[in-house]
Every structure is written in C-alpha cells, then in structure tokens.
Amino acid sequence: LNIIRKTILLKKIFLKFYLKSSKQSEKIVLDYLVKENRPFSAQDLVNNLGGQIGKSAIVKLLDELASQKKINEKVYNKQKVYMTLQVGKL
C-alpha cells in the first residue's frame with residue numbers, strides 16, 4: 001500500500017513538472033520565432049536554441065502550436081517549416 005501511494009505521488013510530481021516545462025518550452029519557442037521573424041525547421045530550432053529543448057519535444061510542440069493556429073506550418077516535400085503568424089497592414 002505504501003508503494004502505491006509513493007507511485008501515485010511520483011506521477012503527480014512528474015505531471016506537474018511536465019506541464020510546467022511544456023508551458024515554458026512553448027514560451028521559449030514562440031518568443032524565439034517572433035524575435036527572429038523568419039521560417040525555421042524543427043532541426044533549426046533545436047540547433048539555435050542550444051539544446052534547451054530536445055528535438056522530439058520541439059516537433060510535438062510545433063505540431064501542437066500549428067494545430068492551435070498560433071504559428072504557420074508549410075510543408076515542402078517531406079520538410080516542414082514553421083513561422084510566426086504575419087499580420088498585414090491594410
């Protein structure tokens with residue numbers, strides 16, 4: 001019974017850390033895309049962010065942000081390129 005409680009506690013701690021780190025990762029990526037204001041592939045972001053976020057995490061995050069319409073995604077053959085939303089002046 002003690003082991004089950006410890007396991008549940010560890011899962012709760014992990015989920016709190018994961019949610020916090022995913023929000024931080026989202027902020028880091030969005031801030032970087034806005035600051036640079038040019039298209040990037042997932043690998044470009046991994047290299048330019050200095051390994052702060054792993055490639056698989058960046059790929060998932062970029063796909064999620066694109067599905068939420070927070071960034072644009074363009075597909076060229078097998079390569080995906082991500083960029084900030086551009087607001088035009090009328």
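As a basis for the values below, the full set of heavy atoms in this structure was taken, side chains included, without hydrogen atoms, waters or symmetry mates.
Closest approach of Val46 and Lys55 over heavy atoms only: CG2-CA, 3.5 Å.
Here the options are Leu33, Val29, Val34, the test is side-chain contact (heavy atoms from CB on, under 4.5 Å), and the partner is Ile71; only Leu33 passes. Among the candidates Leu65, Ile53, Leu62, the single residue satisfying the side-chain contact (heavy atoms from CB on, under 4.5 Å) test with Glu26 is Leu65.
Hydrophobic clustering (side-chain heavy atoms under 4.5 Å, transitive across Ile, Leu, Val, Met, Phe, Trp, Tyr) groups Leu30 together with Leu61.
Separating the CD atom in Glu64 from the OG atom in Ser25 is a distance of 10.5 Å, to the nearest 0.5 Å. If you take CD1 on Ile58 and OG on Ser41, they are separated by 9.5 Å, rounding to the nearest 0.5 Å. The line from CG of Asn48 to OH of Tyr32 is 3.5 Å long, rounded to the nearest 0.5 Å. Atom CE of Met83 and atom CZ of Arg38 lie 11.0 Å apart (nearest 0.5 Å).
Side-chain contact between Tyr82 and Asp63 is present, with heavy atoms from C-beta onward closer than 4.5 Å. Using a 4.5 Å heavy-atom cutoff, the side chains of Lys69 and Leu85 are not in contact.
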